[in-house]
Number of protein chains: 2
Amino acid sequence: MATTETEFLRDYDPAKFERPSVTVDLVLMTVSGRTLRALTIHRDSHPAAGKWALPGAFVGIDESLDAAAKRILKDRAHIASAYLEQLYTFGDVHRDPRMRIITVVYFALLPEARFENLRTQSADRCLAKIEVDGTADRIKLFDGDGAALKVAFDHADILALAVERLRGKLDYSDIAFALLPTEFTLRQLQEVHEAIRGTQLNKPAFRRRMLDKKILKATGRFESGAAFRPAELYTFVPEKNR
Amino acid sequence: MATTETEFLRDYDPAKFERPSVTVDLVLMTVSGRTLRALTIHRDSHPAAGKWALPGAFVGIDESLDAAAKRILKDRAHIASAYLEQLYTFGDVHRDPRMRIITVVYFALLPEARFENLRTQSADRCLAKIEVDGTADRIKLFDGDGAALKVAFDHADILALAVERLRGKLDYSDIAFALLPTEFTLRQLQEVHEAIRGTQLNKPAFRRRMLDKKILKATGRFESGAAFRPAELYTFVPEKNR
DNA sequence: CGAATAGTGTCTGTTAGACACTATTAA
DNA sequence: TTAATAGTGTCTAACAGACACTATTCG
């Protein structure tokens, strides 16, 4: 194998070479009604001042990537637990203008109600509405008033990939249930699917498909406060309990 | 936001904190007949001496992750180009006993014939046969003589995840064609699918499904050297040419 | 001609979309 | 009663597995 001396040294003793910094960034997503939302934080200082960024932090030397993601969830979003999954690692050389930063991105899913604890009202953080441009390789963010938000760094690419991943996993995984409370109606489940896919679904076909999977258990209880006929509440049955 | 002083400093000036090393590792896969194979390299020195590991290298400070993957492909496997895709990032604290190393894993797919250039005969590298234990969360490696190979570090987990990813993408992506030469028979295509899935497929149903997708073009040419009736050769038509 | 594989036609069961229908609740 | 949504029954088209069949090539 022909390796140059530089390569040999780098492989032999990497401590002699400058190391990139490593961060974990979090795409914290939820569904409200038929819209997909993600937590973004306003940047007050340069670089990318005035733009909105995903929460993140540097990875500790004695901290696994999963642990770093949990820490960010807790410290930056004040959320004790959520469905967490690694999404992708972004490592372009100039993705951050300050220095070389490689970021391992996780996404976290949780039901809308779990955001109560979070001060989304405070001006510097926002559960931004995600709008997908057609074929899903481009997204736009909007705040509660419908104003477009500028996205910092490569975080728009990250959000687009997160939506793509959700779409891909929707049919064969349990991610939809991570976005719903313990008890939910079939209409709520359908709304989650529609929010992620960005299209409408046929009601009878959707109900049949979900019920045929045998992953739902009817509780016998019904939603309350509905203007009209209340729907039955279901719970999700994880595979291990089937 | 309540952050400790340590956290504040780490976020403010990460240069003051020790950084993990970052490597890129490569799962270089191919299919021969109905078996899935991956390139592994014998470790002569500690740690994990005598075990087999995936090719990898540290990421340069001015090198993107994709570029690092291409460099490893070229320098470590002497292969000019291949289908490359990021798989996952492994970052457990003690995954390497020497020091904290986070590794971004890519997989590379190429047809068996493209391995001609590579000296697989040399004793320190091996196109190991991958055998999947039942539900695909555990794998075993074997050399050409059928002897079991011990796998270094967490590389068995990495290989298992690579197989899982291939299985997940088989039906909706074009990965199978990255494992075949430009012209191939429908039987060869079916063998690739069977190698990845680990199950047999029904021939007429498979042919119909493939031809109905309109992603194959019949060349009018036929394989040669076959013992019996030669099959027609097809080429893959990428989406942009349809 | 015989062996072996290439390639086809057809039956059947499953599933998804479409759509019309009944059921139940609050006002 | 009315408005609005919950939930069901049924028709149809698409598709996959199974299996038997014909076709073609080499020796």
Side-chain angles (χ1 to χ4, degrees), chain A residues 31-34 167-173 176-177 180-237, chain B residues 31-34 167-173 176 180-181 183-237:
Chain A
V31 168
S32 66
R34 279 191 176 80
R167 288 186 178 180
K169 298 197 73 166
L170 187 57
D171 282 330
Y172 74 91
S173 77
F177 304 106
L180 287 167
T182 313
E183 302 198 343
F184 51 86
T185 66
L186 287 172
R187 173 180 39 76
Q188 288 178 301
L189 180 58
Q190 184 171 343
E191 279 174 355
V192 166
H193 277 248
E194 289 175 342
I196 292 174
R197 296 172 41 121
T199 62
Q200 297 277 107
L201 286 165
N202 182 272
K203 183 176 68 164
F206 181 79
R207 297 176 68 91
R208 218 184 334 164
R209 188 155 53 94
M210 289 302 137
L211 294 172
D212 285 355
K213 282 186 180 175
K214 314 264 184 212
I215 57 175
L216 296 180
K217 185 159 148 275
T219 62
R221 287 184 290 282
F222 291 79
E223 63 180 339
S224 59
F228 300 101
R229 175 178 175 180
E232 185 163 13
L233 293 166
Y234 287 80
T235 54
F236 167 61
V237 184
Chain B
V31 168
S32 67
R34 280 191 177 80
R167 288 186 177 179
K169 296 196 76 165
L170 186 58
D171 282 330
Y172 74 92
S173 77
L180 287 167
E183 300 197 344
F184 51 87
T185 67
L186 287 174
R187 173 181 39 75
Q188 288 178 301
L189 181 58
Q190 184 172 344
E191 278 173 357
V192 166
H193 278 248
E194 289 175 341
I196 293 174
R197 296 173 40 123
T199 63
Q200 298 277 106
L201 285 165
N202 181 272
K203 183 175 70 163
F206 181 79
R207 297 177 68 90
R208 220 183 332 164
R209 189 154 54 91
M210 288 302 137
L211 295 170
D212 285 355
K213 281 187 182 177
K214 314 266 184 209
I215 57 174
L216 296 180
K217 187 158 147 274
T219 62
R221 287 183 289 281
F222 289 80
E223 64 180 339
S224 60
F228 300 101
R229 174 177 175 181
E232 184 163 14
L233 294 166
Y234 287 79
T235 54
F236 168 62
V237 184

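Letters A, B, ... mirror the listed sequences (proteins, then strands); counts begin at 1.
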Colleague: Measure centre to centre between the rings of A/F177 and A/F184, then say whether the value is under 6.0 Å.
Modeller: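 Judged by ring-centre distance (under 6.0 Å), A/F177 and A/F184 do meet the cut-off.
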
Colleague: From CG of B/L216 over to C1' of C/dA6, roughly how many Å is that when rounded to an integer?
Modeller: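 So the two atoms are 16 Å apart, to the nearest Å.
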
Colleague: Just to confirm, is there a sub-4.0 Å distance from OP1 or OP2 of C/dT15 to any side-chain nitrogen or oxygen of A/R209?
Modeller: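 False: A/R209 side-chain N/O out of range (4.0 Å or more) of C/dT15 OP1/OP2.
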
Colleague: Would you mind reading off the distance between A/F228 atom CZ and D/dG7 atom P, rounded to a whole angstrom?
Modeller: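 That distance rounds to 16 Å.
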
Colleague: Please determine whether a side-chain nitrogen or oxygen atom of B/R229 lies at a distance below 4.0 Å from atom OP1 or OP2 of D/dA23.
Modeller: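 For D/dA23, neither OP1 nor OP2 has a side-chain N or O of B/R229 closer than 4.0 Å.
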
Colleague: Report the residue (B/P204 or A/D212) whose heavy-atom-nearest nucleotide on DNA chain C is the more 5′ of the two.
Modeller: B/P204

Colleague: Could you tell me how far apart B/R207 (CZ) and D/dC21 (P) are, to the nearest whole angstrom?
Modeller: 19 Å

Colleague: What is the distance from CG of B/N202 to P of D/dC21, rounded to the nearest Å?
Modeller: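 From B/N202 CG to D/dC21 P: 16 Å.
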
Colleague: Specify the separation, in whole Å, of atom CD of B/Q200 and atom P of D/dA16.
Modeller: 19 Å

Colleague: Return yes if some donor-acceptor pair links the side-chain N/O of B/E232 with the main-chain N/O of B/A218 below 3.5 Å, else return no.
Modeller: no

Colleague: Determine whether B/Q200 and B/E194 make a side-chain contact, defined as any pair of heavy atoms from C-beta on separated by less than 4.5 Å.
Modeller: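 Result yes, sub-4.5 Å side-chain heavy-atom pair found.
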
Colleague: Could you check how far CD of A/E232 sits from C1' of D/dA6, rounded to whole Å?
Modeller: 10 Å

Colleague: From CD of A/E223 over to P of C/dT25, roughly how many Å is that when rounded to an integer?
Modeller: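 Value for this atom pair: 12 Å.
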
Colleague: Test for a donor-acceptor pair under 3.5 Å between the base of D/dG17 and the side chain of B/R208, counting only N and O atoms.
Modeller: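 Donor-acceptor pair under 3.5 Å: yes.
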
Colleague: A/A205 near the nucleic acid: base, sugar-phosphate alone, or nothing, with a heavy-atom cut-off under 4.0 Å?
Modeller: base

Colleague: Atom CG of A/L186 and atom C1' of D/dT5: how far apart are they, to the nearest Å?
Modeller: 13 Å

Colleague: Do the side chains of B/L216 and B/T235 get nearer than 4.5 Å, heavy atoms only?
Modeller: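 With C-beta onward as the side chain, the pair stays apart.
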
Colleague: Is there a side-chain contact between B/H193 and B/F206 in this structure, where contact means two heavy atoms from C-beta onward sitting under 4.5 Å apart?
Modeller: yes

Colleague: Which comes earlier along DNA chain C counting from the 5' end, the contact point of A/F206 or that of B/A231, where each point is its nearest nucleotide?
Modeller: B/A231

